[in-house]
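I have placed the structure first, in the form of structure tokens, so that the comments after it can refer back to it.
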Amino acid sequence: MDQQVTNLDRELRARALRVIPGAMWGHQNALRLPEGYPQYFTRTEGCRTWDSNGREYIDFICGWGPMILGYNDPDVEAAAVRQRSNGDCMNGPSERLVELAELVVETVPHADWAMFSKNGTDATTACITIARAGTGRRKVLLARGAYHGAIPWCTPSVAGVTEEDRAHLAYFEYNDAASLEALVEANKGDIAAIVVSAFRHDLGKDHELPTPEFARRARELADEANAALIVDDVRAGFRLDMGGSWEVVGVRPDLAAWSKAIANGHALAAVTGNDRFRDAATRIYTTGSFWTASVSMAAAIATIKKLRDTDGIGKMRTAGQRLRDGLEAQALRHGLKIRQTGPVQMPVILFDDDADRRLGNAFCLEALARGVYLHPTHTMFLSAAHTNADIDAALQATDEAFAAVARL
Ligand code: PMP
């Protein structure tokens with residue numbers, strides 16, 4: 001590799017700094033990762049990604065979740081290309097819109113209808129707007145620390161945000177029914193919605209599936225208050241259950257927000273809802289220049305059908321379990337204490353006694369140097385394209401990475 005190529009990432013960052021504030025925004029700013037992570041990428045295929053310096057990685061971030069069947073999945077891309085040759089952004093939607101809504105309603109048990117947009121934030125925001133329109137109430141109860149998007153009502157930053165942007169939001173603890181009960185009591189008569197993530201997947205924290213007791217109680221409390229139960233399935237949608245993530249605990253929301261994986265990397269988000277909120281969803285005004293574009297809808301139709309017909313979730317579970325078991329054995333052998341939490345197909349790996357992230361960061365950097373792209377604090381993602389051979393190759397790298405951490 002010549003010098004010019006190996007320095008492309010550094011060169012692009014320097015150029016970006018002149019024309020892009022901070023060189024990059026949000027969670028994709030590589031400065032939020034341990035130094036040594038690449039900022040720029042040139043290519044993806046299957047479960048692999050190549051950075052701008054030409055280095056290849058087995059990818060466990062999957063474009064932060066959107067890749068679920070494999071990058072450049074041939075069936076999804078064929079559907080996208082076919083649609084693109086006819087039209088994408090037109091004066092209105094194509095037939096794909098109705099086909100996709102029909103498929104989503106058929107796939108997701110709580111859904112009597114679906115609407116589409118582009119980003120997860122579009123979908124979470126629309127859910128809340130629909131809940132308020134449907135109930136005529138103001139208060140939205142949220143789990144403390146949960147991420148729902150990046151506009152003033154929900155962004156983790158306070159810069160540029162006013163108190164008024166977050167008026168009528170109140171916080172309970174995820175999986176703590178008593179804290180939700182108390183919050184419902186305190187806001188009685190004015191509750192529009194209870195919002196829950198698919199599971200607790202807060203940055204840098206152990207991940208936690210919803211307990212059936214908490215999920216059932218959230219449903220009951222929403223019903224008693226005549227409020228909407230909203231599941232934010234943006235991150236987990238189609239990785240836990242094709243019918244929506246709370247199917248695993250047998251609880252159905254009134255509204256759910258989806259994005260990330262639903263079109264295997266094509267830009268699309270969805271709101272699903274039941275008939276109770278159909279009229280409210282009709283009355284709110286929500287739209288976007290690209291929300292009816294057809295290519296991502298064609299991609300979503302192909303993605304959902306392929307995930308369903310090829311047991312995509314089963315494949316992700318198998319790969320995730322193989323990774324988890326391998327890492328567990330390796331950590332033990334190297335005398336390191338790690339916690340692997342979350343569903344196996346959406347893991348987070350944290351080290352014990354590592355408040356300053358010294359061990360976690362070092363582990364991820366050592367893995368990165370050996371061609372495995374992990375994240376030290378964020379939910380990671382398995383895909384249906386991670387084969388046993390890919391997992392085993394990744395485990396070879398992580399074994400060496402653990403050995404290096406053990407020497408620290
Ligand atoms: N909700 C959850 C649970 C998410 O993980 C995300 C994105 N990480 C969002 C909402 C916002 O989605 P987007 O970034 O596409 O707006």
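FYI, side chains are in, hydrogens and waters are out, and symmetry mates aren't considered; it's all heavy atoms of this structure. Numbering of ligands and ligand atoms starts at 1, following listing order.
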Among all protein heavy atoms, pick out the one at the shortest distance from atom 5 (O) of ligand 1; state its residue, atom name and that distance to 0.1 Å. Arg235 NE, 2.9 Å
Close approach, Lys118 and ligand 1, non-hydrogen under 4.0 angstrom: no
List the steps and the verdict of ring-ring contact (aromatic ring centres under 6.0 Å, His included) for Tyr373 and Tyr37. CA-CA 9 Å; Tyr373 194 104; Tyr37 269 77; 5.2 Å; yes
Apply ring-ring contact (aromatic ring centres under 6.0 Å, His included) to residues Phe363 and Phe351 and explain how you reach the verdict. CA-CA 9 Å; Phe363 172 66; Phe351 284 70; 5.6 Å; yes
Starting from atom 9 (C) of ligand 1, which protein heavy atom do you reach first, and at what distance in Å? Val234 CG1, 3.6 Å
Heavy-atom donor-acceptor pair, Asp9 side chain to Gln39 backbone, under 3.5 Å: yes
For Ala319, which residues count as a side chain to side chain contact (heavy atoms under 4.5 Å, CB included) partner, sequence neighbours excluded? Leu382, His386, Ile391
Taking 4.0 angstrom as the limit, do Asp353 and Lys337 come out as a salt bridge? no
Under 4.0 Å from a heavy atom of His148: which atoms of ligand 1 are those, numbered in the order shown and with their elements? 1 (N), 10 (C)
Please state which protein non-hydrogen atom is closest to atom 13 (P) of ligand 1 and give its distance, to 0.1 Å? Gly120 N, 3.4 Å
Proximal atoms of ligand 1 relative to Gly149 (non-hydrogen, under 4.0 Å): 10 (C), 11 (C)
Any N or O of Thr121 closer than 3.5 Å to N or O of ligand 1: yes
Would you call the rings of His27 and His378 parallel, tilted or perpendicular, taking 30° and 60° as the class edges? parallel
Atom 8 (N) of ligand 1 sits nearest the protein heavy atom Lys260 NZ, 3.2 Å
When you check the gap from the basic side-chain N to the acidic O, do Asp206 and Arg200 get nearer than 4.0 Å? no
Quick one: do Arg358 and Asp354 make a salt bridge, cutoff under 4.0 Å? no
Contact between Ser245 and Phe238 at the side-chain level, heavy atoms closer than 4.5 Å - yes or no? no
Mind checking whether His27 has a heavy atom under 4.0 Å from ligand 1? no
Between His201 and ligand 1, is there a nitrogen or oxygen pair with a distance under 3.5 Å? no
Part of Asp232 within contact of ligand 1 (heavy atoms, under 4.0 Å): side chain
Can an N or O of Thr124 be found at a distance shorter than 3.5 Å from an N or O of ligand 1? no
Which one holds for Trp64 and ligand 1: side chain close, backbone close, both close, or neither close, with close meaning a heavy atom under 4.0 Å? neither
